[in-house]
Amino acid sequence: QVQLVESGGGLVQAGGSLRLSCAASQPTFSSRAMGWFRQALGNEREFVAAIIWSGAGTYYADSVKGRFTISGANAKNTVYLQMNSLKPEDTAVYYCAAALFRGVYVRANDYDYWGQGTQVTVSS
């Protein structure tokens, strides 16, 4: 069973930055894409960003475009999320996910493995 482990969450003031990391317990397992989702208290889980290992590129939710950057290393099944210009509305639990098969990758159902989540809190 593959496990994804996130790190890097915390408390930051509005306008600040955080970098989230996610690594697979079995770096050699083959995924097609990895992504980040977030879930704020009382809300549904929502897509944040995804990276497609085949070179198809990266995708972002409109709410984070220009502020967040996803990157990673396919060979190690490691993905990062650099978050700049953070806003209080970015406060949520952030989840890393890995997809084994082809999909749209902006939907949670396209992902097969999930991390336990890391809390990001942005104070105003």
Side-chain angles (χ1 to χ4, degrees):
Q1 181 73 14
V2 174
Q3 293 183 329
L4 302 178
V5 181
E6 303 105 332
S7 61
L11 173 64
V12 65
Q13 289 187 334
S17 299
L18 282 175
R19 185 178 189 237
L20 305 183
S21 300
C22 173
S25 60
Q26 297 177 25
T28 57
F29 97 98
S30 179
S31 65
R32 285 189 175 267
M34 293 186 75
W36 290 94
F37 286 73
R38 67 186 181 186
Q39 187 167 16
L41 193 64
N43 291 354
E44 294 185 352
R45 191 169 298 190
E46 65 175 5
F47 169 74
V48 175
I51 184 166
I52 317 304
W53 297 128
S54 65
T58 56
Y59 299 92
Y60 297 92
D62 288 342
S63 58
V64 306
K65 278 181 182 177
R67 300 188 299 121
F68 291 11
T69 302
I70 189 170
S71 61
N74 184 12
K76 297 181 179 180
N77 279 291
T78 301
V79 67
Y80 308 96
L81 186 68
Q82 178 66 43
M83 305 185 295
N84 298 328
S85 302
L86 282 161
K87 305 175 181 179
E89 51 263 43
D90 294 318
T91 295
V93 177
Y94 283 70
Y95 297 90
C96 168
L100 302 181
F101 307 104
R102 288 182 179 179
V104 178
Y105 301 130
V106 298
R107 304 175 305 194
N109 287 346
D110 284 336
Y111 292 84
D112 302 283
Y113 295 107
W114 291 85
Q116 80 287 352
T118 185
Q119 177 71 46
V120 171
T121 303
V122 185
S123 63
S124 57

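Worth knowing before you read on, the calculation uses all heavy atoms, side chains too, and leaves out hydrogens, waters and symmetry mates. Bear in mind that the values here come from a model prediction, so they are computed numbers and not experimental data.
Residues passing the side chain to side chain contact (heavy atoms under 4.5 Å, CB included) test with Ser71, sequence neighbours excluded: Tyr80. Every residue meeting the side chain to side chain contact (heavy atoms under 4.5 Å, CB included) condition with Val122, not counting sequence neighbours, appears here in chain and number order: Val12, Ala14, Leu86, Pro88, Asp90, Thr91, Val120. Applying the side chain to side chain contact (heavy atoms under 4.5 Å, CB included) rule to Ser123 yields the partners Leu11, Gln13; only residues at least two apart in sequence or on another chain are considered. The salt bridge (Lys or Arg N to Asp or Glu O under 4.0 Å) search around Asp110 returns Arg107, not counting sequence neighbours. With sequence neighbours excluded, no residue forms a salt bridge (Lys or Arg N to Asp or Glu O under 4.0 Å) with Arg19.
Using a 4.5 Å cut-off between side-chain heavy atoms of Ile, Leu, Val, Met, Phe, Trp and Tyr, with links allowed through other members, Ile70 and Tyr95 fall into different hydrophobic clusters. Clustering ILVMFWY residues whenever any of their side-chain heavy atoms sit less than 4.5 angstrom apart, transitively, puts Tyr60 in the very cluster that holds Met34. At a threshold of 4.5 Å between side-chain heavy atoms, the hydrophobic network of Ile, Leu, Val, Met, Phe, Trp and Tyr places Phe101 and Val2 in one connected group. Under the 4.5 Å side-chain contact rule for hydrophobic residues, Val79 and Val93 do not share a cluster.
Nearest heavy-atom pair across Cys22 and Leu4 is SG-CB, 3.9 Å. Closest approach of Trp114 and Ala108 over heavy atoms only: CZ2-O, 3.5 Å. Minimum interatomic distance between Phe37 and Val106 (heavy atoms only, all atoms of both residues): CE2-O, 3.9 Å. When all heavy atoms of Tyr105 and Phe47 are compared, the pair lying nearest together is O-CE1, 3.4 Å.
With rounding to the nearest 0.5 angstrom, the CD atom of Gln116 is 4.5 Å from the CD atom of Glu6. Remark: Gln26 CD to Asn77 CG distance equals 10.0 Å, nearest 0.5 Å. If you take CG on Leu20 and CH2 on Trp36, they are separated by 4.5 Å, rounding to the nearest 0.5 Å. Taking CG of Leu18 as the start and CD of Gln82 as the end, the distance is 8.5 Å to the nearest 0.5 Å.
Among residue pairs with one or both ends in residues 47-62, those qualifying as salt bridge (charged side-chain N to carboxylate O under 4.0 Å, His left out) are Asp62-Lys65; sequence neighbours excluded. Contacts classified as side chain to side chain donor-acceptor pair (under 3.5 Å) and involving residues 49-59 (residues at least two apart or in different chains) are given here: Ser31-Trp53. Sorted by first and then second residue, the salt bridge (charged side-chain N to carboxylate O under 4.0 Å, His left out) pairs involving residues 114-124 (not counting sequence neighbours) form an empty list. Listed by first and then second residue, the disulfide (SG to SG under 2.5 Å) pairs involving residues 47-95 amount to none (not counting sequence neighbours). Sequence neighbours left out, not one pair with a member in residues 96-105 passes salt bridge (charged side-chain N to carboxylate O under 4.0 Å, His left out). Judged as a side chain to side chain donor-acceptor pair (under 3.5 Å), the pairs with a partner in residues 40-52 (not counting sequence neighbours) are, in order, Arg38-Glu46.
Without hydrogens or angle criteria, Tyr111 side chain to Cys96 main chain gives no donor-acceptor distance under 3.5 Å.
At least one side-chain heavy atom of Leu100 sits under 4.5 Å from a side-chain heavy atom of Tyr113.
Cluster partners of Val5 are absent, since no Ile, Leu, Val, Met, Phe, Trp or Tyr has side-chain heavy atoms less than 4.5 Å from it.
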